[in-house]
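Here is the structure we will look at.
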Amino acid sequence: MTKKKTITTLNKMKLNNEKFSALTAYDTSFAQIFDEQGIDMILIGDSLGMVLQGHSDTLKVSIDDMAYHTRCVASGAKQAFILADMPFMTYATPEQACENAAILMQAGAQMVKLEGAAWLKETITTLSQRSVPVCAHLGLTPQSVHVFGGYKIQGRNNDVAEQMIQDAIDLVEAGAQMVLLECVPASLAQAISAAVDVPVCGIGAGVDTDGQVLVMHDILGISSGYIPKFSKNYLAKTGDIRKAVTQFINEVSEKSFPAPEHIFE
Ligand code: KIV
């Protein structure tokens with residue numbers, strides 16, 4: 001019988017220094033394939049606004065979109081832990097966050113992911129006290145693309161880096177049970193992973209986070225003409241979707257992905 005992975009599984013992996021692997025998925029068929037290959041976590045990312053809906057950012061994704069794709073993934077993922085993104089402006093207040101997180105949890109998510117730093121403390125406490133597990137997304141938070149003025153590496157400046165370490169500690173203290181770091185220098189991700197006792201998942205965050213996540217369209221080379229520096233086309237290397245996923249999982253576990261060429265200093 002297939003055993004469902006939970007946050008306890010990922011906590012134990014962190015304690016045992018075993019790396020977990022995660023991919024985005026948005027439908028049942030891909031979720032099933034990734035699940036059968038043994039992926040530890042599936043993220044229903046609001047990246048679907050870009051890779052499925054063809055927008056230039058994630059801001060147009062609705063809670064109904066996320067609920068629909070979460071239901072699709074949940075019916076294909078028998079063992080993987082399921083994390084779902086709360087889309088832009090669906091968690092601007094703690095009350096709104098509760099209402100919208102409930103929709104995703106009822107669609108099959110085991111945890112919801114929110115982008116932001118200090119201002120999220122109250123919301124994270126409110127959600128976790130009401131039995132909604134939360135992942136705090138720090139670094140390059142794509143919903144803030146227009147604040148950043150583009151998709152840029154975050155945390156290269158010492159003050160910003162120090163602040164990000166403190167934010168991670170504060171958000172975990174507020175109740176976050178996972179941290180996701182996107183596009184930050186590897187040394188900063190290493191410091192944050194050591195500073196908090198919850199699993200830290202990285203994308204473009206070096207090799208020392210507790211787990212790695214990539215967007216499925218990038219590992220299959222079907223993103224529109226561009227693969228980010230921090231990603232890798234595993235389909236080109238293997239010629240088969242199942243083998244591509246297995247190779248990604250193995251390389252994460254052996255710490256050979258990300259390699260130096262995928263890492264930001
Ligand atoms: O939306 C998404 O796919 C994400 C990943 C880039 C981490 O948040």
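All residue numbers refer to positions in the sequence shown, counting from 1. Every number for a ligand or one of its atoms is a count from 1 in the order of the listing.
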Proximal ligand 1 atoms for Gly45, defined as those under 4.0 Å from one of its heavy atoms: 1 (O), 2 (C), 3 (O)
Matching residue for Ser75 among Thr28, Asp27, Thr70 - test: side-chain hydrogen bond (donor to acceptor under 3.5 Å, both in side chains): Thr28
Short side-chain to backbone donor-acceptor contact, Lys113 and Gly45, under 3.5 Å: no
Where ligand 1 meets Glu182 - atom numbers and elements under 4.0 angstrom, heavy-atom basis: 6 (C)
Atoms in ligand 1 with a heavy atom of Thr24 nearer than 4.0 Å: 3 (O)
Identity and separation of the nearest protein heavy atom to atom 8 (O) of ligand 1: Lys113 NZ, 2.8 Å
With sequence neighbours excluded, residues passing ring pair (Phe, Tyr, Trp, His ring centres under 6.0 Å) with Phe30: Phe34
Which segment of Asp46 sits under 4.0 Å of ligand 1 when only heavy atoms are counted: both
Those atoms of ligand 1 less than 4.0 Å from some heavy atom in Asp85: 1 (O), 2 (C), 8 (O)
Lys4, NZ atom: more than 12 neighbouring heavy atoms under 6.0 Å: yes
Sole residue of Leu10, Val112, Leu43, Ile42 in side chain to side chain contact (heavy atoms under 4.5 Å, CB included) with Leu83: Leu43
Heavy-atom donor-acceptor pair, Gln96 side chain to Met89 backbone, under 3.5 Å: yes
Whether His137 lies under 4.0 Å from ligand 1, heavy atom: yes
Closest protein heavy atom to atom 3 (O) of ligand 1, given as residue, atom name and distance to 0.1 Å: Ser47 OG, 2.5 Å
Residues, nucleotides or ligands: over 12 heavy atoms within 6.0 Å of Glu122 CD: no
Closest protein heavy atom (residue, atom, distance) for atom 5 (C) of ligand 1: Leu43 CD2, 3.7 Å
